[in-house]
Number of protein chains: 2
Amino acid sequence: MASIKDVAGLAGVAVGTVSRVINHSGAVKPETRRKVEEAIKRLNYIPNEIARNFKMQKSKMVALLLPTISHPFFSELAYYIEDELDREGYKLMLCNSGSKPEKELYYLDMLQQNKVAGIVGITYNDIDSSVSTDIPIVSIDRHFSKRIICVTSDNYEGGRLALRELVRAGAKKPAFIGTVIPVSSEIMKRKSGFVQEAKAMGVDYVVYEKPDPIIDEDKYYNEFFMRHDDVDGVFATNDMFAAQYIERASRRGISVPGDVKVIGYDGIQSHAYFHPVLSTIRQPVEEMARTAVKLLLGQIGGESFHQDTYCLPVMYRQGETT
Amino acid sequence: MASIKDVAGLAGVAVGTVSRVINHSGAVKPETRRKVEEAIKRLNYIPNEIARNFKMQKSKMVALLLPTISHPFFSELAYYIEDELDREGYKLMLCNSGSKPEKELYYLDMLQQNKVAGIVGITYNDIDSSVSTDIPIVSIDRHFSKRIICVTSDNYEGGRLALRELVRAGAKKPAFIGTVIPVSSEIMKRKSGFVQEAKAMGVDYVVYEKPDPIIDEDKYYNEFFMRHDDVDGVFATNDMFAAQYIERASRRGISVPGDVKVIGYDGIQSHAYFHPVLSTIRQPVEEMARTAVKLLLGQIGGESFHQDTYCLPVMYRQGETT
DNA sequence: CGACTATATTGAAACGTTTCCAATAGGGTG
DNA sequence: CACCCTATTGGAAACGTTTCAATATAGTCG
């Protein structure tokens, strides 16, 4: 593999000159540039990015740490994150934690060893305390500390919106169901928005949380249907969960939206052709992704931000379930 | 940031010794090891992986180059690939090409500059000619050359299976629809399997390919429904496309599986709770992913393989559309 | 024409590891 | 006691780049 030295040798110049040609830094005589470029071509020289990273003591690598890329919301997010990073000349490293705290820690450790330029995290742990370096981190949907900027959608408003739409669709007793990640999660606000709005409107409501991880799914659903057979509206914490609920309901002969109106959360695109098309609170996935990257790269570039949470607006999208 | 030198200084030994302690290479007296470990702890020393990569002239990074991670089949694949890589101490870099040839080339170039240890590719180009280094590559569903090992599912058998199942479900005139990536694609075999089996069984059939990229989707479907209104079975190149077809058909008052039986391809998990649950030819995603990684790491480790295509079995999965 | 300036180029140090060779210290053996 | 062998350690080179101070070259102006 040809190195910069070989190029310099063949072109009859010093390595520093070759470096300046490659990086367009400093002044180089056109004639010299030509010679160097000629040599580069002849030797089929490719700059060694590893050596560069080493010299610079930083890599243009950003890590995305999330539960699993196979969840459609995350994969959509990942797509836009990678796209935005690429525009800025950065690369993306993908880390599936499986939501396991110990795996999150393991990855964080590895990422620091690898001196990644920054991390976008969607984690279960409060990762602030477990990162010893001052590596920039942007978190999505989790608020940990001043240091870690959080990008989220307006979960509180999303919860309120869901409640209002369920009521508007005719629900007299709406229920909130789903997993509420306890640790610093913005997602909890979906519940509080829902609850607050119900109280404000004087509507009877139910909250039926799903343990995570769940031991006995059948029992969870059976109990819900038994205890709350008067529920006629359901707001689920995400689209997949909403679909799952509908599946269970229909097995019991409950029709959607006839007997029960259902609203999900996320607004996943890849489900567009499948039925029922969910009524859902759509998060601005693309905007969240690009915002997260912009904030991260800002931090990497040395900017500091006064704001520690960036909250983007959500939207109600009508489907076939309300 | 503390370096190996600082550790050596504090422990009163040479850097080489510290290196041997860290890597458990060579002999180190227990007493010395203790001193070094003590120093490492005191300084909160983290080995600089970049420097290591540099010295070794290789990184433990494998790239996954695919059209888009937001497609559920690819995201499922990516999940298992990352999982398998992590087990072996490798990291995954994610590259979305958007199926654009120029972007594929751009990424391949970048990956070579970054001296990634290997590449798993799902590409549109014949990438063989555009990779100048001898970096190991495993391709999924594309067969280019001896050099690039191809991991695929049994697309030919999948096509035959689809035809047989459509006929078994009562179809008299089944159609193959979908995109047929021309370049060295294993996916073409889905078509040939379908066609061959139809001929073998003496069944009347239709092939209606979808251009890629498609200009006018409405026109494509309209023409299909006009020209082939006697078609009563559809085999689509993938699940998403099958769902899309069903959507279009139902808008025209065609019922599935009443009027037309439909079989998709892939067997995407994240659609399990949505309807109609597709009858589909399921690819062994997990096995494909793990096989691809194993072969790639084998190559990285210097093994050479006599076989250039690894074909895994597919399975018919009954849903609600046949 | 000499002094200055602007432009081009050189050469070497430095980044943090690993690895190899030489050096040293013990420990056993004849 | 001399010798050899092994276990352990030290020291330095090397990996390929960037950067910076120093030097060289060529105009320009008075």
Side-chain angles (χ1 to χ4, degrees), chain A residues 1-40 43-61 89 110-117 133 135, chain B residues 1-40 43-61 89 110-117 133 135:
Chain A
M1 188 85 272
S3 83
I4 203 171
K5 271 185 207 147
D6 305 316
V7 175
L10 184 60
V13 300
V15 288
T17 305
V18 178
S19 173
R20 279 182 346 257
V21 167
I22 296 169
N23 299 298
H24 301 91
S25 59
V28 178
K29 238 198 309 195
E31 164 64 8
T32 314
R33 169 178 303 279
R34 207 195 44 69
K35 275 194 303 187
V36 171
E37 278 164 351
E38 162 80 15
I40 287 177
L43 292 171
N44 190 28
Y45 166 73
I46 299 175
N48 184 329
E49 193 66 27
I50 298 196
R52 270 190 192 159
N53 290 342
F54 170 61
K55 172 62 192 173
M56 303 279 128
Q57 279 306 298
K58 68 183 174 208
S59 71
K60 290 217 160 198
M61 178 75 65
M110 185 272 276
L111 295 175
Q112 291 178 83
Q113 285 199 24
N114 280 275
K115 300 217 182 305
V116 294
T133 53
I135 179 174
Chain B
M1 189 85 269
S3 84
I4 203 171
K5 271 185 207 147
D6 305 317
V7 175
L10 184 60
V13 299
V15 288
T17 304
V18 178
S19 175
R20 283 191 299 266
V21 168
I22 297 169
N23 299 299
H24 301 91
S25 60
V28 178
K29 235 200 307 194
E31 164 64 8
T32 314
R33 169 178 303 279
R34 206 194 45 68
K35 273 194 303 186
V36 171
E37 279 165 350
E38 162 80 15
I40 287 177
L43 292 171
N44 190 27
Y45 165 73
I46 300 176
N48 184 330
E49 194 66 28
I50 299 195
R52 270 191 191 158
N53 290 341
F54 170 61
K55 172 64 193 174
M56 302 281 141
Q57 280 307 299
K58 69 182 174 211
S59 71
K60 290 216 158 196
M61 177 75 64
M110 185 272 278
L111 295 174
Q112 290 179 82
Q113 285 199 23
N114 280 275
K115 299 219 180 309
V116 293
T133 53
I135 179 173

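Lettering follows sequence order; numbering is per chain, from 1. Side chains are part of it too, since the values below use all heavy atoms of this structure and drop only hydrogens, waters and symmetry mates.
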- Message: What I want to find out is whether A:R52 reaches A:E49 closely enough, with some N-O distance under 4.0 Å, to be called a salt bridge.
- Response: yes
- Message: Whether A:R34 and A:E31 form a salt bridge (side-chain N of Lys/Arg under 4.0 Å from carboxylate O of Asp/Glu) is what I want to check.
- Response: yes
- 4.5 Å side-chain heavy-atom contact, B:Y45 and B:I4: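 Yes - at least one pair of side-chain heavy atoms lies under 4.5 Å apart.
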- A:T32 side chain reached by A:V21 side chain, heavy atoms, under 4.5 Å: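 They are not in side-chain contact.
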- Task: Please tell me which of A:F54 and A:S25 maps to the more 5' nucleotide of DNA chain D, matching each residue to the nucleotide holding its nearest heavy atom.
- Result: A:F54
- Just how far is it from atom CD1 of A:I22 to atom CD of A:E37, taken to the nearest 0.5 Å?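 The distance works out to 10.0 Å.
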- Item | Gap between atom CE of A:M1 and atom CD of B:Q57 - 0.5 Å precision |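 That separation rounds to 10.5 Å.
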- Item | Shortest non-hydrogen contact between A:S59 and A:V116, atoms and distance |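 Minimum heavy-atom separation between A:S59 and A:V116: OG-CA, 3.9 Å.
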- Could you give the start and end, 5' to 3', of the contact zone on DNA chain C for chain B, using atoms under 4.0 Å from its heavy atoms?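 For DNA chain C, the relevant span reads C:dG16 to C:dC20.
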- Message: I need the NZ-P distance between A:K55 and D:dT19, as an integer number of Å.
- Response: 7 Å
- Task: Identify whether any heavy atom of B:N23 sits under 4.0 Å from a base atom; if not, whether one sits that close to sugar-phosphate; answer base, sugar-phosphate or nothing.
- Result: sugar-phosphate
- Message: Between the opening five pairs and the closing five pairs of the helix from C:dC1-D:dG30 to C:dG30-D:dC1, how far apart are the helix axes, to 10°?
- Response: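 Result, rounded to 10 degrees: 50°.
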- Query: Are A:K29 and A:K35 close enough, and set up right, to give a side-chain contact (heavy atoms from CB on, under 4.5 Å), and what steps lead you there?
  - Reply: CA-CA 10 Å; A:K29 238 198 309 195; A:K35 275 194 303 187; over 6 Å; no
Polar atom pairs between nucleotides 8-12 of chain D and protein, under 3.5 Å, N or O only, would you list them?
unit_1	atom_1	unit_2	atom_2	d
D:dT9	OP1	B:T32	OG1	2.0
D:dT9	OP2	B:K29	N	3.0
D:dG10	OP2	B:A14	N	2.7
D:dG10	OP2	B:T17	OG1	2.9

